[in-house]
Amino acid sequence: MRVADVPGLPTGVAEYFEGEGIEELYPPQGEAVEKGVTEGANLVASVPTASGKTLVAQLAMLSAIAEDDGDGGFEFGGDGTALYIVPLRALAGEKAAEFEAFERFGLSVGVSTGNYESDGSRLSDNDIVVATSEKVDSLVRNGAGWIDDLSCVVADEVHLVDDDHRGPTLEVTLAKLRQRVSDLQVVALSATIGNADELADWLDAELVDSDWRPIDLRTGVHYGEALHYDDGTQAELSVGSGSQTAAVVADTLKDEGSTLVFVNSRRNAEASARRLSDVTGGTLSPDERERLADVAEEIRGVSDTETSDDLADAVAKGAAFHHAGLAREHRELVEEAFRDRLVKVVSATPTLAAGVNTPSRRVVVRDWQRYDGTAGGMQPLDVLEVHQMFGRAGRPGLDPYGEAVLLANSHDELEELFDRYVYADPEPVRSKLAAEPALRTHVLAAIATGFTTTEDNLHEFLGETLYATQTDDPGRLKSVTRDVLVYLDRNGFVERDGGALRATATGHLVSQLYVDPMSAATIIDGLRDAARAASGGADGTDSGEPEGFQPASEMRAENDLPEDASVDPSPLGLYHLVSRTPDMYELYLRSGDREQYTELAYEREDELLGSTPREEAAEFEDWLSALKTAKLMEDWASELDEDRIAERYDVGPGDIRGKVETAEWLLNAAERLAGELDVAAATAVREARKRVEYGVREELLDLAGVRDVGRKRARRLFNAGVETRADLRNADKSLVLGAVRGREATAERILENVGHPDPGMDGVDADADATPDPDSGSAGASENQANLGDFS
DNA sequence: TGGCCCTAGATATAGACAGCATGTC
DNA sequence: CTATATCTAGGGCCA
């Protein structure tokens, strides 16, 4: 089918695509149009990656937001909005950039995720909005009215409804949108899966299920001296003295192609990149070498950690690793250099299989098993997951074909890999909704938004989910829902009156804050325990389970006692509290840690909130790893250097930033909950939050709030005698210049930001006393070593 | 006695969304 | 219960 023949498209759209060189639709795209995507039909498209899903979504959205001009044609200008749901924040920007071409039609594109909101007034003014599923859920919970104007919603990577943790959010959000907005067109884009027909049934949608791809994908397994392809052919590829992976990479390099290597752990990714850099290093042109050196320096500048240095070293030689321990900027630099063909090999954990578009001539799935503690050992990867990795092979328009290979080291394994992954179909997608954590949060949200007002109502709504269409045990959902209602009731989040359901004020707040109700219960319990200790009530060792707390009114009476600031909860206590929450991803407790943190628990016992589990208890392990996480945050908020934290906790810069971000978010929730419940701790919570946010000690909070002044600059200014914003406003300019290592532009910007009467730096010399000695690290760090060195 | 190499045993294991109000070195 | 790469301690060897 030709673009010009697509029905329902507004004026100018077909011409635009033709101008972009798209005249003929790919077969699956044509099928989607024939089934009515541009005329309002719901559609599930289960097709391989890079086979043109995005165009289907674009055609659907553009036709959905246009209006019938009453004359057989369609024009933009209606008030409908299209929503594009992405699975990752990083993908939101990528998609929005693709849609920005439509601004030529007078359309506006907005992005909304937890950490980024496109500027421009309101989301409701946009014609196309790109958001994560959680953000959409949150927008609905917070009563965004423009949701009712939606005419089309696109769910990208909809097979993720299978994900234990995040799948239910996508599922519930789609169900909710469909129920709330009448005539909403739903377009669900999925990888090729086993049961796309079930998804189509659930969404009352037409189905396009196809294996067609625009460029050929050859898959195979390497064993011995040959690559065995899925079509039965073989190609010689001898290994020699190095590893199988190195041989494949070298072979690809002969064709000037690049390789993406998937491995099963961060460590393996780093080790593999180091080894492969010996393969790539010798093949670089002088120009490439030079440009790679620049990228390497940029990478080094992102963070002071060893991880950062190791990555830079590898990149300088044309190889890289990629995993979630890297900072976001690290990942972006690696992805960009790989797309630019500068970096020839990337060894990655599955982060890269699901993330932004990083196609490669060849993909090697080196490890097809992964450690899974809950299963007691190594588990084979899902077929779907391996196929997603395969799907990164081949750059449309650049490569004649892509190649994806697994590695076998025995003949048996060769055959097993063919059966298991090359010839196998992906497993069916199954809803994970009937799990308590998922229902806890979504049931509360449904009640709090007034979406469901009775228990029958609730079951009716849950009956509209994918889970309900798939299960052969409908009683299960009901019984878990009943348990969840009991839990929400006992914790004071909902009230039940016969069959009627109503959220309490706290319940509303919890739903809006988007925290797991169990997190909220844990936080509330901890804050009340702190208040009890502060008011001289119970001694805090017997605070009871989260379910068992007393109503807020009874607590207020106790708080009438004179306050003693010294018994405010400490930052460590608060960090521990939020770390115990199911919303915080725990640090792994390593050997030796148990002893070390048990000791710390005794030392700092009176700072820790709530009851301490007995050492023999099963939950003690979790409680300790939360303490380890809390200690990391305390170190960060005590200005310990990033590299020392990375070393001490054996984490990467990305982990540190991730923990800090989550802590900040949960402490904000804690602050709001403290306010709502009238627990006195709100001020202490705010200060603890600001300290993790800025990564500074108490005395720097004022300075670090100034724009362009972070933990390091604030510490240098402070040590130079500039202790507050007021000091900074009237500071000796040479001191400030010294504290930023003589960078005039930076010094001027800072002084401008703080409102200095004359920020100009002309003729000012840096004060040598304020300039840190580059050899001994920052001024703050050397001080910290004395204070914190006792804990190592 | 000290340095080096080798081997056997021990060790550790992927990912990442949300609120709110503005900005690191 | 399953695997595997890396790290670490300890022994053997040599100067």
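Just so it is clear: chains get the letters A, B, ... in the order the sequence lines come, proteins before strands, and each one is counted from 1. Hydrogens, waters and symmetry mates play no part in the numbers below; they use all other heavy atoms, side chains included.
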Please confirm whether the shortest side-chain N or O distance from [X] to OP1 or OP2 of [N] is below 4.0 Å.
| X | N | value |
| --- | --- | --- |
| A:Ser138 | B:dG19 | yes |
| A:Thr349 | B:dG15 | yes |
| A:Arg716 | B:dC25 | no |
| A:Arg331 | B:dA16 | yes |
| A:Arg672 | B:dC20 | yes |
| A:Lys659 | B:dA16 | no |

| field | Distance, C1' atom - from C:dA3 to B:dA14, rounded to whole angstrom | value | 16 Å

| field | P spacing across the pair B:dA16 / C:dC1, given as an integer number of angstrom | value |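 It comes out at 29 Å once rounded to the nearest Å.
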
Nearest whole Å is fine: how far is [N] [atom2] from [X] [atom1]?
| X | N | atom1 | atom2 | answer |
| --- | --- | --- | --- | --- |
| A:Glu586 | B:dA16 | CD | C1' | 15 Å |
| A:Arg594 | B:dT11 | CZ | P | 16 Å |
| A:Arg141 | B:dC17 | CZ | C1' | 11 Å |
| A:Glu664 | B:dT22 | CD | P | 13 Å |
| A:Met378 | B:dT11 | CE | C1' | 14 Å |
| A:Leu381 | C:dT4 | CG | P | 13 Å |
| A:Glu639 | B:dT24 | CD | P | 14 Å |
| A:Met584 | B:dC17 | CE | P | 15 Å |

Which part of the nucleic acid, if any, lies within reach of [X] when heavy atoms closer than 4.0 Å are counted: base, sugar-phosphate only, or nothing?
| X | value |
| --- | --- |
| A:Tyr514 | sugar-phosphate |
| A:Asn142 | nothing |
| A:Asp372 | nothing |
| A:Glu642 | nothing |
| A:Thr113 | sugar-phosphate |
| A:Arg686 | nothing |
| A:Val515 | nothing |
| A:Gly710 | sugar-phosphate |
| A:Arg275 | sugar-phosphate |
| A:Val706 | sugar-phosphate |
| A:Asn268 | sugar-phosphate |

| task | State whether a side-chain donor-acceptor pair under 3.5 Å links A:Trp636 with A:Glu693. | result | no

| Side-chain donor-acceptor contact under 3.5 Å, A:Asn268 with A:Ser265 |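 Per modelled atom types, A:Asn268 and A:Ser265 side chains form a pair under 3.5 Å.
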
Nearest to the [X] side chain among [options], which nucleotide is it?
| X | options | value |
| --- | --- | --- |
| A:Arg266 | B:dA14, C:dT6, C:dA3 | B:dA14 |
| A:Arg89 | C:dA5, B:dC17, B:dG15 | B:dC17 |
| A:Tyr588 | B:dT13, C:dA5, B:dC20 | B:dT13 |
| A:Tyr694 | B:dT24, B:dC17, B:dA14 | B:dT24 |
| A:Gln369 | B:dT13, B:dC17, C:dA3 | C:dA3 |
| A:Arg166 | B:dC17, B:dG15, C:dT6 | B:dC17 |
| A:Arg267 | B:dA12, B:dC25, B:dG15 | B:dA12 |
| A:Ala271 | B:dA12, C:dA3, C:dA5 | C:dA5 |
| A:Pro350 | B:dA18, B:dC25, B:dA14 | B:dA14 |
| A:Leu88 | B:dG15, B:dT13, B:dC17 | B:dC17 |

| query | Rounded to the nearest 0.5 Å, how far does OG1 of A:Thr173 lie from CG of A:Asp137? | reply | 4.0 Å

Taking the basic N atoms (NZ, or NE/NH1/NH2) and the acidic carboxylate oxygens, is any pair closer than 4.0 Å for [X] and [Y]?
| X | Y | value |
| --- | --- | --- |
| A:Lys712 | A:Asp641 | no |
| A:Arg370 | A:Glu385 | yes |
| A:Glu329 | A:Arg657 | yes |

| query | Stacking here means centres under 5.5 Å and planes under 30°; does A:Tyr371 stack on B:dA12? | reply |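 The ring of A:Tyr371 is not stacked on B:dA12.
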
| query | Closest nucleotide of DNA chain B for A:Ser112 versus for A:Ser265: which of these residues is on the 5' side? | reply |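 The residue mapped nearer the 5' terminus is A:Ser265.
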
| field | Given DNA chain B, 5'-ward residue of the pair A:His165 and A:Arg713, judged by closest heavy atom | value | A:His165

According to the Watson-Crick and G-U wobble definitions, with both distances under 3.5 Å, which nucleotide is paired to [N]?
| N | answer |
| --- | --- |
| B:dC17 | none |
| B:dG23 | none |
| C:dG12 | B:dC4 |
| C:dC7 | B:dG9 |

| task | Let me see the working for A:Thr358 and A:Glu335 under side-chain hydrogen bond (donor to acceptor under 3.5 Å, both in side chains), right down to the final yes or no. | result | CA-CA 7 Å; A:Thr358 48; A:Glu335 289 155 10; over 6 Å; no

| message | Looking at A:Glu306, I want to see if its CD is surrounded by more than 12 non-hydrogen atoms of other residues, nucleotides or ligands under 6.0 Å. | response | no

| Stacked cation flag A:Arg689 on A:Trp665, 6.0 angstrom / 45 deg | no

